[in-house]
Amino acid sequence: QVQVVESGGGLVQSGGSLRLSCTASGRSFSTYHMAWFRQAPGKEREFVAYIKSGDGRWTTYSTSANGRFNISRDNAKEMVHLQMNTLKPEDSAIYCCAADSRPGYIWNYASPEEYSYWGQGTQVTVSS
């Protein structure tokens, strides 16, 4: 069985930074594609960032995250990180980590339906 756990959320002022972390257990960590999604009250779940399985050299970001956020992985520590910089109040949401172990690429990586395993989320609040 696969268990996904996130951590690192909190309260920061506008312009500040946070680093979220996520781990997925149950099989070799390097086989997991990993992604971050977020959901604010009253809004649909929104894709944030994706990192491919293996060495994680392929990453992609939402338009809002591009240039401010960075996703990385450390397979030896079985961790994926989301470094969030220059945070804005509109970034406030519950951030959820997702994982999937399919071979190759996830073509539609921005779709929540593509991921088999999910964490329960960590709250990020950015104050004005």
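Taking the six-membered ring where tryptophan is involved, the planes of Tyr109 and Tyr50 are essentially parallel, since the angle between them stays under 30° and well short of 60°.
Checking side-chain atoms of Thr23 against main-chain N and O of Glu78 turns up a donor-acceptor pair under 3.5 Å. At distances below 3.5 Å, at least one donor-acceptor pair connects side-chain atoms of His33 with backbone N or O atoms of Arg102. Ser116 places no side-chain N or O within 3.5 Å of a backbone atom of Asp100 that could act as its donor or acceptor partner. Here the side chain of Thr122 pairs a donor or acceptor atom with the backbone of Gly9 at under 3.5 angstrom. With hydrogens and angles ignored, the 3.5 Å screen pairs a side-chain donor or acceptor of Asn75 with a backbone N or O of Gly54. Side chain of Ser28 to main chain of Thr31: no donor-acceptor pair is present (N/O by atom type, distance under 3.5 Å, no hydrogens or angles).
A 6.0 Å sphere centred on CD of Gln120 holds no more than 12 heavy atoms belonging to other residues, nucleotides or ligands.
For the pair Arg73 and Trp36, the cation does not sit on the ring face, since its NZ or CZ is not both under 6.0 Å from the ring centre and inside 45° of the axis.
Of all non-hydrogen atoms in Ala24 and Phe29, the two that sit nearest each other are O-CD1, 3.4 Å. Among all heavy-atom pairs drawn from Ser14 and Pro89, the shortest one is OG-CD, 3.8 Å. Shown here for Tyr32 and Ser25, the closest heavy-atom pair between the two residues is OH-O, 3.3 Å. When every heavy atom of Val80 is checked against every heavy atom of Cys97, the shortest pair comes out as CG1-SG, 4.2 Å.
A continuous path of Ile, Leu, Val, Met, Phe, Trp and Tyr side chains, each step under 4.5 Å between heavy atoms, connects Trp58 with Tyr115, placing both in one hydrophobic cluster. Note on Leu82 and Ile106: separate hydrophobic clusters, where clusters join Ile, Leu, Val, Met, Phe, Trp and Tyr whose side-chain heavy atoms are under 4.5 Å apart, directly or indirectly. In the hydrophobic cluster analysis, where Ile, Leu, Val, Met, Phe, Trp and Tyr join through side-chain heavy atoms closer than 4.5 angstrom, Val5 is grouped apart from Val2. The hydrophobic cluster containing Val48 also contains Val4, counting ILVMFWY residues as joined when their side-chain heavy atoms lie under 4.5 angstrom apart, directly or transitively. Grouping the Ile, Leu, Val, Met, Phe, Trp and Tyr side chains by contacts below 4.5 angstrom, directly or via other members, places Leu20 with Val12.
In this structure Ser101 satisfies the side-chain hydrogen bond (donor to acceptor under 3.5 Å, both in side chains) test together with Arg27, sequence neighbours excluded.
Here Glu113 contributes atom CD and Asn108 contributes atom CG; the two are 8.5 Å apart, rounded to the nearest 0.5 Å. The OG1 atom of Thr59 sits 7.0 Å away from atom CG of Asn70, with the distance rounded to the nearest 0.5 Å. A distance of 6.0 Å separates CG in Leu87 from OG in Ser17, rounded to the nearest 0.5 Å. Remark: Tyr95 OH to Cys22 SG distance equals 14.5 Å, nearest 0.5 Å.
In summary, Arg68 and Asp91 engage in a salt bridge, as defined by a charged side-chain N under 4.0 Å from a carboxylate O.
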Using the rule given for side-chain hydrogen bond (donor to acceptor under 3.5 Å, both in side chains), can you reason through His81 versus Ser72, listing the C-alpha separation, both sets of side-chain angles and the distance that settles it, and then say yes or no? CA-CA 5 Å; His81 304 288; Ser72 62; 5.6 Å; no
Begin with the C-alpha distance, continue with both residues' side-chain angles, and end with the deciding distance and a verdict on side chain to side chain contact (heavy atoms under 4.5 Å, CB included) for Met84 and Val124. CA-CA 10 Å; Met84 308 166 66; Val124 172; 4.3 Å; yes
Begin from the C-alpha positions of Ser7 and Ser21 and carry the test side chain to side chain contact (heavy atoms under 4.5 Å, CB included) through to its verdict. CA-CA 5 Å; Ser7 62; Ser21 299; 3.8 Å; yes
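Residue Ser64 forms a side chain to side chain donor-acceptor pair (under 3.5 Å) with just one option from Lys88, Glu90, Arg38, and that option is Arg38. Just one of Glu6, Arg45, Gln123 meets the side chain to side chain contact (heavy atoms under 4.5 Å, CB included) condition when paired with Ile94; it is Gln123.
Aromatic ring centroids of Tyr61 and Phe47 lie 6.0 Å or more apart.
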